[in-house]
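Worksheet: the structure to be examined is printed underneath.
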2 protein chains.
Amino acid sequence: MKDVTLKNAVKLKRIERGGFTQGELAKQVGVTRQTMNLIEAQKYNPTIKVCLQIAKVLDAKLDELFWMEDES
Amino acid sequence: MKDVTLKNAVKLKRIERGGFTQGELAKQVGVTRQTMNLIEAQKYNPTIKVCLQIAKVLDAKLDELFWMEDES
DNA sequence: CCGGGTTGTCATATATAAATGACAAATGTA
DNA sequence: TACATTTGTCATTTATATATGACAACCCGG
């Protein structure tokens, strides 16, 4: 894999959607709170299934939630 | 994780783009041919980074390449 | 100020994505 | 038919996504 940084707007969307807690989102997505936390903190590289579930729950497009930036 | 099946249109797009071989795509994406093969065969759940690279190389949106179907 | 809920984070364990090497089945093409 | 390229697949190994349990640091309303 090339050396790029994964970025995401999950936390923003979650708050924008109002009232969701990290734990609730995690539950609806079907992962643990800790996993959700790491994703929001951009500390790792989730699988596409998880991303698709997040997009579904937050009613957003994959492309607006996840993107990459070249390592500068 | 909920019990859903991951679907993708990678093989289609690759052929639509013309002339790409699985191996070439894999190389440009930065994974092995075997990994690319498994993804195209829908035999697993790649990470979002890999998906983003594939989308980039194939000049497609994540959302048109990957989606999920409920287990029926 | 106090207490409940949320969040960040740690350490450990398990599941699985991805790499590597190799080979047979398939596809195309002279 | 014969040969080259591509594709599917296997077995093994390594890296890492995800789970679990626990606890300290933050907020925020009473």
Side-chain angles (χ1 to χ4, degrees), chain A residues 1-60 62-71, chain B residues 1-60 62-71:
Chain A
M1 254 289 84
K2 235 162 95 187
D3 195 20
V4 283
T5 321
L6 175 64
K7 297 281 198 166
N8 77 76
V10 174
K11 186 169 196 168
L12 257 147
K13 266 288 175 201
R14 173 170 62 82
I15 291 170
E16 191 181 309
R17 289 293 177 245
F20 273 87
T21 153
Q22 236 175 49
E24 285 167 349
L25 177 55
K27 191 175 181 183
Q28 292 199 49
V29 167
V31 295
T32 60
R33 190 181 63 77
Q34 289 84 337
T35 295
M36 232 11 259
N37 191 334
L38 287 170
I39 293 174
E40 286 197 351
Q42 326 212 116
K43 287 191 179 157
Y44 68 59
N45 181 14
T47 60
I48 185 81
K49 274 195 188 178
V50 170
C51 296
L52 279 162
Q53 282 291 132
I54 294 173
K56 188 174 177 185
V57 172
L58 293 181
D59 187 35
L62 276 181
D63 294 278
E64 55 179 326
L65 285 180
F66 302 95
W67 68 94
M68 298 215 296
E69 270 175 20
D70 296 347
E71 213 77 332
Chain B
M1 254 288 81
K2 235 164 93 188
D3 196 20
V4 283
T5 321
L6 174 64
K7 297 280 200 167
N8 76 76
V10 174
K11 186 168 196 168
L12 257 147
K13 267 288 175 200
R14 173 170 63 83
I15 291 169
E16 191 181 307
R17 289 292 177 246
F20 274 87
T21 154
Q22 236 176 48
E24 284 167 351
L25 177 54
K27 191 175 180 183
Q28 293 198 49
V29 168
V31 295
T32 60
R33 189 180 63 76
Q34 288 84 338
T35 296
M36 228 17 256
N37 191 334
L38 288 170
I39 293 173
E40 286 196 351
Q42 325 211 119
K43 286 190 181 157
Y44 68 59
N45 181 13
T47 60
I48 186 80
K49 273 195 189 179
V50 170
C51 296
L52 279 162
Q53 281 290 134
I54 294 174
K56 187 174 177 185
V57 172
L58 293 180
D59 188 36
L62 275 181
D63 294 277
E64 57 178 325
L65 284 181
F66 302 95
W67 68 94
M68 298 214 297
E69 270 175 20
D70 295 347
E71 214 78 330

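Note: hydrogens, waters and symmetry copies are ignored here, and every other heavy atom, side chains too, is used. Just so it is clear: chains get the letters A, B, ... in the order the sequence lines come, proteins before strands, and each one is counted from 1.
Residue-to-nucleotide contacts include no donor-acceptor pair under 3.5 Å from the side chain of B:Q34 to the base of D:dG8.
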Using a cut-off of under 3.5 Å, enumerate the N/O to N/O pairs linking the protein to nucleotides 23-26 of chain D.
none

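In this structure, the separation between CG on B:L52 and CG on B:L62 is 4.5 Å, given to the nearest 0.5 Å. Considering OH of A:Y44 and CG of A:N8, their distance stands at 12.0 Å, rounded to 0.5 Å. Expressed to the nearest 0.5 Å, how far CE of B:M36 lies from NZ of B:K27 amounts to 15.5 Å. Of the inter-residue distances, the one linking A:E40 atom CD with A:R33 atom CZ reads 11.0 Å to the nearest 0.5 angstrom. Expressed to the nearest 0.5 Å, how far CD of B:Q42 lies from OG1 of B:T5 amounts to 9.0 Å.
Across all strands, B:K49 comes closer than 4.0 Å to no nucleic acid atom at all (heavy-atom distances). Residue contacts shown for B:T32 include a base, since a base heavy atom lies under 4.0 Å away.
Between B:E24 and B:R14 there is no salt bridge, since none of the side-chain N atoms of the basic residue sits less than 4.0 Å from a carboxylate O of the acidic one.
Listed pair A:T47 / D:dT18 meets the phosphate criterion, a side-chain N or O lying under 4.0 Å from OP1 or OP2. For D:dG8, the OP1/OP2 oxygens have a side-chain nitrogen or oxygen of B:N37 closer than 4.0 Å. Residue A:T35 has a polar side-chain atom (N or O) positioned under 4.0 Å from OP1 or OP2 of D:dA19. Using a 4.0 Å cut-off, no side-chain N or O of A:R14 falls inside it from OP1 or OP2 of C:dT6. Taking only side-chain nitrogens and oxygens, B:Q22 comes nearer than 4.0 Å to OP1 or OP2 of D:dG8. Of the side-chain N and O atoms in A:T21, none sit less than 4.0 angstrom from OP1 or OP2 of C:dG5.
In this structure, A:Y44 atom OH and C:dG8 atom P are separated by 14 Å, rounded to whole Å. If you measure from atom CE of B:M36 to atom P of D:dT9, you get 15 Å, rounded to the nearest angstrom. At whole-Å resolution of the value, CG in A:L38 and P in C:dT7 are 14 Å apart. Between the CG atom of A:L6 and the C1' atom of D:dT16 there is a distance of 14 Å, given to the nearest Å. Separating the CD1 atom of A:I48 from the P atom of C:dT16 is a distance of 18 Å, rounded to the nearest angstrom. D:dA17 atom P lies 14 Å from atom CD of A:Q42, rounded to whole Å. When rounded to the nearest whole Å, the span between CG of A:L52 and P of D:dA17 equals 17 Å. Atom C1' of nucleotide C:dT6 and atom CD of A:E40 are separated by 12 Å, given to the nearest angstrom.
Of the possible polar contacts, none joining the B:N45 side chain to the B:L6 backbone as a donor-acceptor pair under 3.5 Å is found. Panel note: side chain B:Q53, backbone B:V50; no donor-acceptor pair is recorded below 3.5 Å.
Nearest-nucleotide positions on DNA chain D place B:K43 closer to the 5' end than the other of B:K43 and A:I39.
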